[in-house]
Number of protein chains: 2
Amino acid sequence: MSKITLKEIGKALNLSVSTVSRALRDSYEIGEKTKERVLEYAKSVHYRPNPIAQSLKVNKSHSICVIIPEIANNFFSEVINGIDYAAYERGYNVFIFQTHESYEREVSSIHLGMDRRVDGFIMSLSGKTDHYDHLDLLKSEEIPIVYFDRVPPANNINKVVVNNFEGAYNGTKQLINKGKKKIAHITTPLILSITKERLEGYKSCLRDHDIEVDEALIKFCSFDPQEAIDIVNKLVYEDQIDALFLGSDRLALNALNAVKKLGASMQNKIEIVGFTNMKYVDLLSPVICAIYQPALEIGHAAANLLIDYIEARRKPEPKQIVLKTFMKTND
Amino acid sequence: MSKITLKEIGKALNLSVSTVSRALRDSYEIGEKTKERVLEYAKSVHYRPNPIAQSLKVNKSHSICVIIPEIANNFFSEVINGIDYAAYERGYNVFIFQTHESYEREVSSIHLGMDRRVDGFIMSLSGKTDHYDHLDLLKSEEIPIVYFDRVPPANNINKVVVNNFEGAYNGTKQLINKGKKKIAHITTPLILSITKERLEGYKSCLRDHDIEVDEALIKFCSFDPQEAIDIVNKLVYEDQIDALFLGSDRLALNALNAVKKLGASMQNKIEIVGFTNMKYVDLLSPVICAIYQPALEIGHAAANLLIDYIEARRKPEPKQIVLKTFMKTND
DNA sequence: ATTATTTACGCAAACGATGCCAAAAACAAA
DNA sequence: TTTGTTTTTGGCATCGTTTGCGTAAATAAT
């Protein structure tokens, strides 16, 4: 059934394999008449080229490899959705590998992708990645790569990011506008690009409003729910904070949960703003003002940027795309 | 660098390609000494077999294809996580295709998978799939396939599902126990297996508690938020319901949103139970009692079942795995 | 009619790995 | 030494494509 090959088409039509191949690829050196014959017959038997054989021959796979920390995360799954959307439009397959925030898995994912001869990579770095030589491998092999969200510290790379500084600045400002003074910041490991940028936005905003930056109120937190609870408790009871600025998606939910546990009366005293990509934030009970990333657009832009780059005859200069975050208030 | 082939190893060691190949696969017909030489050299040059060439030769790809309605959905992304977990353990790659609830994309995804010579499929049917001949293709090609969640109506197939009937029954009972009498059910298209099973659980529970089943209170709803709003409004204001039983993840959030829009006083009158896989349901404001599916386990079980089947010499009888739902109350 | 040019196609060698078959090397038996 | 066995190894075809090169046949130029 699905095992029609060029050879069989050739046999049926009394043509050589190469002629059939060229006819299907619409080569100029094949006569119109035979082209038609081949095309028609191929369609009638539902011929589908074997991408594996093609890959082997041309050392390309018409597929891209996405490496992300975690699929089961609103932000990343939306990004994948965007990537998938663009890839589908342009006829590319998508491989997805998760690092689960592990450097080793990041490295091995890169190798798996290269083994599969993917045409390019889209990646967001793991929370443990603090050196970047494994990426040099890709560079030296001249494999196109687009980073998003958590990007390595270099500027001659393709990347799609959001204005994290501005998003954090505006989020913090929102809290200040509500009269809050002791604003804590719970965030991701400092090695991540997003952490630094958001932290700077937060600090910068405080300074601009004559609030001194208190390093004790800046907490780097893992994705362990209990750790979030401990940190929130300390901030609330010892440091007497009146607002929380949360640095990332999973963190935000953990922290919200921790705040909820403080009880209703405490909850109301603490204003919360945070980066998250949860749908329906307005259904959340400790009210949170969400700073959104346009995840779908990020994925779409990243995939298109990558494929453009893959298909370009002369490789263009690396491009940096910066999209806007947006806030979704709850009141 | 990464382009070491068997041929090059052979040249370096003065051995033929086939000897090298066999040495690496630890064949019994190769002398211990040469085996060691080959192994050592291969490691020293970081030899990695080219999976594409292997695939072409043996017509297998050591990869599985996952076809689901939507990645950006808590339930499915968790399932993928489980699949990925098992596949990684057992050395399989994973292709993911989304149908976006389209029958055509379901068909084309199957073809894409087959083109790539995947060793097997894991799928959950689209919301539009009401005939199943495209699946026969897989069957006739003898490609292993495991269904989960939304499965076709046949019993000689591999599948991993939950006890939807029981979950729905218990959910409905929960509402009855709170004294509710007019319990509406908003759910997915009736062609889906899950819809029917849950609907039966709901009806059965009502009957067992001497509440007559009112077909007007059973609403099949798309994933359009506005439709959910309209339906909820009608149910509340015209039909005067006092409880809602929601049939699926995305639906639940839409309906919750609709209920929220009714205003605080109305909200409190309506008790809500629903299938969902959102983390932190207890943070949701119209309170909802969640019926959870063990998504990670489903994925893990499905992948292991599939890979067991793929690797079995004698193909075993199709297996049906039924896992338990569990409730997470909010009060 | 002869030569030059174009057009339309076939042959064969890759791509990297596997596996059948035969052959060389090693050893045992005569 | 010769023959027979066993152990190790090499040669070659193959998977389904793509592509450079060669060459008939068809057309144009002389």
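Letters A, B, ... mirror the listed sequences (proteins, then strands); counts begin at 1.
In this model, a donor atom of one side chain and an acceptor atom of the other lie less than 3.5 Å apart for A:Q98 and B:N81.
In this entry the distance linking CG of B:L24 with C1' of C:dT18 reads 12 Å, nearest Å. Separating the CG atom of B:L13 from the C1' atom of D:dT9 is a distance of 14 Å, rounded to the nearest angstrom. Distance, B:I30 CD1 to D:dT8 C1': 7 Å, rounded to whole Å. Straight-line distance from the CG atom of A:L6 to the P atom of D:dC15: 13 Å, rounded to whole Å. Nucleotide D:dT18 holds its C1' atom 7 Å from the CZ atom of A:R25, rounded to whole Å. Rounding to whole angstrom units, CG of residue B:L15 and C1' of D:dG11 are separated by 14 Å. Separating the CG atom of B:N14 from the P atom of D:dT8 is a distance of 19 Å, rounded to the nearest angstrom. Between the C1' atom of C:dA23 and the CD atom of B:E29 lies a distance of 13 Å, rounded to the nearest Å.
Each of A:T5 and B:Y28 was assigned the nucleotide of DNA chain D with the nearest heavy atom; the assignment lying further toward the 5' end belongs to B:Y28. Heavy-atom nearest nucleotides on DNA chain D were determined for A:I52 and for B:K35, and the one closer to the 5' end corresponds to B:K35.
Residue A:Y85 qualifies as open at atom OH: its count of foreign heavy atoms under 6.0 Å is 12 or below. The environment of NZ in A:K35 is crowded: more than 12 heavy-atom neighbours from other residues, nucleotides or ligands sit within 6.0 Å.
The base of C:dC11 is paired with the side chain of A:S18 by a donor and an acceptor separated by under 3.5 Å.
In terms of modelled atom types and a separation under 3.5 Å, the side chain of A:S63 and the main chain of A:V118 share no donor-acceptor contact. In terms of modelled atom types and a separation under 3.5 Å, the side chain of B:S27 and the main chain of B:I30 share no donor-acceptor contact.
In this structure, of D:dT17, D:dC21, D:dG11, it is D:dC21 that holds the atom nearest to the side chain of A:R22. When the nucleotides C:dC9, C:dT18, D:dT19 are ranked by their closest atom to the side chain of A:S21, D:dT19 comes out on top. Considering only side-chain atoms of B:T34, the nucleotide from D:dT19, D:dG10, D:dT9 that sits closest is D:dT9. Set against D:dG11, C:dA14, D:dC15, the side chain of A:K57 has C:dA14 as its closest nucleotide. When distances run from any side-chain atom of A:T19 to the nucleotides C:dG16, C:dC9, D:dT17, the shortest one goes to C:dC9. Among the nucleotides D:dT19, D:dT17, D:dT9, the one closest to the side chain of A:V58 is D:dT19.
Between A:K7 and D:dT14, a side-chain N or O to OP1/OP2 separation shorter than 4.0 Å is absent. Between A:Q54 and the phosphate of D:dG16, there is no side-chain N or O to OP1/OP2 separation shorter than 4.0 Å. Proximity of B:Y47 to the phosphate of C:dG16: no side-chain N or O atom is located under 4.0 Å from OP1 or OP2.
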